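Okay, structure first, notes after.
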2 protein chains.
Amino acid sequence: MDKLDTRILSILQKDGAISMSNLSDQVGLSISACHRRVKMLEADGLITNYAARLNRKAIGFEIQVFIEAKLVSQRREDIQAFEAAILDMPEVLECHLISGDFDYLLRVAARNTEDYEKLYRERLSSIPSFAQMKTLLSLSTVKEFRGFHLG
Amino acid sequence: MDKLDTRILSILQKDGAISMSNLSDQVGLSISACHRRVKMLEADGLITNYAARLNRKAIGFEIQVFIEAKLVSQRREDIQAFEAAILDMPEVLECHLISGDFDYLLRVAARNTEDYEKLYRERLSSIPSFAQMKTLLSLSTVKEFRGFHLG
DNA sequence: CAGAATCTTCGGAAAATATACGATGGATAA
DNA sequence: TTATCCATCGTATATTTTCCGAAGATTCTG
């Protein structure tokens with residue numbers, strides 16, 4: 001991954017729908033050379049996919065919450081049961097196994113507070129291996145993810 | 001935003017580089033009708049942009065960390081100083097103002113532990129309004145963000 | 001039922017993407 | 001040093017996709 005690839009990735013992170021000719025101009029390559037590199041970056045798995053980013057509030061998700069969750073134990077069955085349950089809940093946008101007092105950090109979006117309360121009372125709390133949680137309500141987004149800082 | 005728009009958004013969240021003919025097939029519209037709706041969704045701001053998603057580890061960021069941060073006070077100047085500093089740090093991928101014991105939740109990526117330590121000792125801790133933090137090291141990603149669950 | 005909205009199909013121009021092929025330049029080995 | 005190989009580039013060309021308008025059909029709604 002040289003300077004040119006880095007530059008290509010930086011641009012594509014910000015604008016994945018840019019045309020090849022525009023992209024090639026910006027990195028200083030011919031269209032075909034640029035095209036070849038992009039395909040290479042895709043084939044090598046550096047670019048996993050392209051996606052439309054949506055405006056969370058505009059599509060009706062008023063609430064965003066981070067949840068620190070703790071399990072009843074670190075036994076394999078409990079871990080697997082919890083992770084399977086999480087993977088099966090589309091409202092849980094992401095989930096990370098973490099170090100610290102808690103075991104997992106989740107990110108959840110909900111249309112409103114009722115939906116969120118329902119989710120956490122009826123779905124999260126009812127996972128058998130689930131022991132305890134701490135809710136961090138996102139009051140506002142100071143900085144939104146717009147890609148990694150390369151180079 | 002009707003059923004068709006929802007369907008279009010769902011698909012574009014997963015694959016922002018899909019061709020119009022493929023997309024229109026999947027939603028059951030003609031190419032031009034589908035094209036019109038997509039442009040509308042963009043113009044209305046439901047779709048904010050398109051982006052390439054990168055494989056974090058493949059591009060060399062071994063470390064991902066969540067940080068809960070607390071300020072010395074909730075005075076306006078301290079808040080503004082902190083947020084300005086955060087916005088100026090490209091290693092901080094996102095930052096949310098949150099409810100709870102801490103004031104902010106950050107997500108940070110670093111190439112290795114040394115880079116991370118350097119970042120937090122030299123850059124984060126040195127923000128004047130910064131008082132205290134708790135690091136949640138991401139040990140593994142159980143579920144990755146792949147878009148909101150619509151409909 | 002009438003009007004509004006939205007769809008479909010068709011067509012063509014413009015733009016973008018993909019492919020083929022030859023040229024250049026650096027690295028390696030005789 | 002020179003020949004050869006390999007990676008990467010650029011130009012040119014072929015193919016596909018996008019964009020946008022027009023005209024008529026269909027669906028929804030009051």
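A note on names: the letters A, B, ... follow the listed sequences, proteins ahead of strands, and every chain is numbered from 1. Just so we're clear, the structure is a prediction, and the values are computed from it rather than from any experiment.
The CG atom of B:Asp25 sits 14 Å away from the C1' atom of D:dT17 (whole-angstrom rounding). Spacing between atom CG of B:Asp5 and atom C1' of C:dT6 amounts to 12 Å, rounded to whole angstrom units. The CE atom of A:Met20 sits 18 Å away from the C1' atom of D:dA12 (whole-angstrom rounding). Whole-Å rounding puts the B:Tyr50 OH to D:dT18 C1' distance at 13 Å. A straight line from CG of B:Leu23 to P of D:dT17 spans 13 Å, rounded to a whole angstrom. As rounded to whole Å, 18 Å separates atom P of C:dA5 from atom CG of B:Leu4. Residue A:Asp44 contributes atom CG, which lies 13 Å from atom P of D:dA7 at whole-angstrom precision. Between the CD1 atom of A:Ile18 and the C1' atom of C:dA15 there is a distance of 14 Å, rounded to whole Å.
Nucleic acid contact class of B:Ser30 (heavy atoms, under 4.0 Å, all strands): base. At the heavy-atom level, A:Leu29 lies under 4.0 Å from the strands shown only through sugar-phosphate atoms.
Taking the charged nitrogens against the carboxylate oxygens, B:Glu117 and B:Arg121 do have a contact shorter than 4.0 Å, which makes a salt bridge.
Comparing C:dA16, D:dC9, C:dC7 against the side chain of A:Ser19 picks out C:dA16 as the nearest. Residue A:Ile31 has its side chain nearest to C:dT17 when only C:dT17, D:dG10, C:dT6 are considered.
In this structure, B:Tyr120 and B:Met133 have side chains that are in contact, with non-hydrogen atoms separated by less than 4.5 Å.
Where A:Arg36 and A:Ser21 meet DNA chain C, the nucleotide closest to each residue was compared, and A:Ser21 sits on the side nearer the 5' end.
For D:dT8, the OP1/OP2 oxygens have no side-chain nitrogen or oxygen of A:Arg37 closer than 4.0 Å. Put simply, A:Ser32 has no side-chain N or O that comes within less than 4.0 Å of OP1 or OP2 on D:dG10. Listed pair A:His35 / C:dT17 fails the phosphate criterion, with no side-chain N or O lying under 4.0 Å from OP1 or OP2.
Counting only distance, with no hydrogens or angles, the side chain of A:Ser125 and the backbone of A:Glu122 share no donor-acceptor pair below 3.5 Å.
Applying the ring pair (Phe, Tyr, Trp, His ring centres under 6.0 Å) rule to A:His96 yields the partners B:Phe66; only residues at least two apart in sequence or on another chain are considered.
Each of A:Lys70, A:Glu83, A:Glu68 was evaluated against A:Tyr104; a single residue qualifies, A:Glu83, per the side-chain hydrogen bond (donor to acceptor under 3.5 Å, both in side chains) test.
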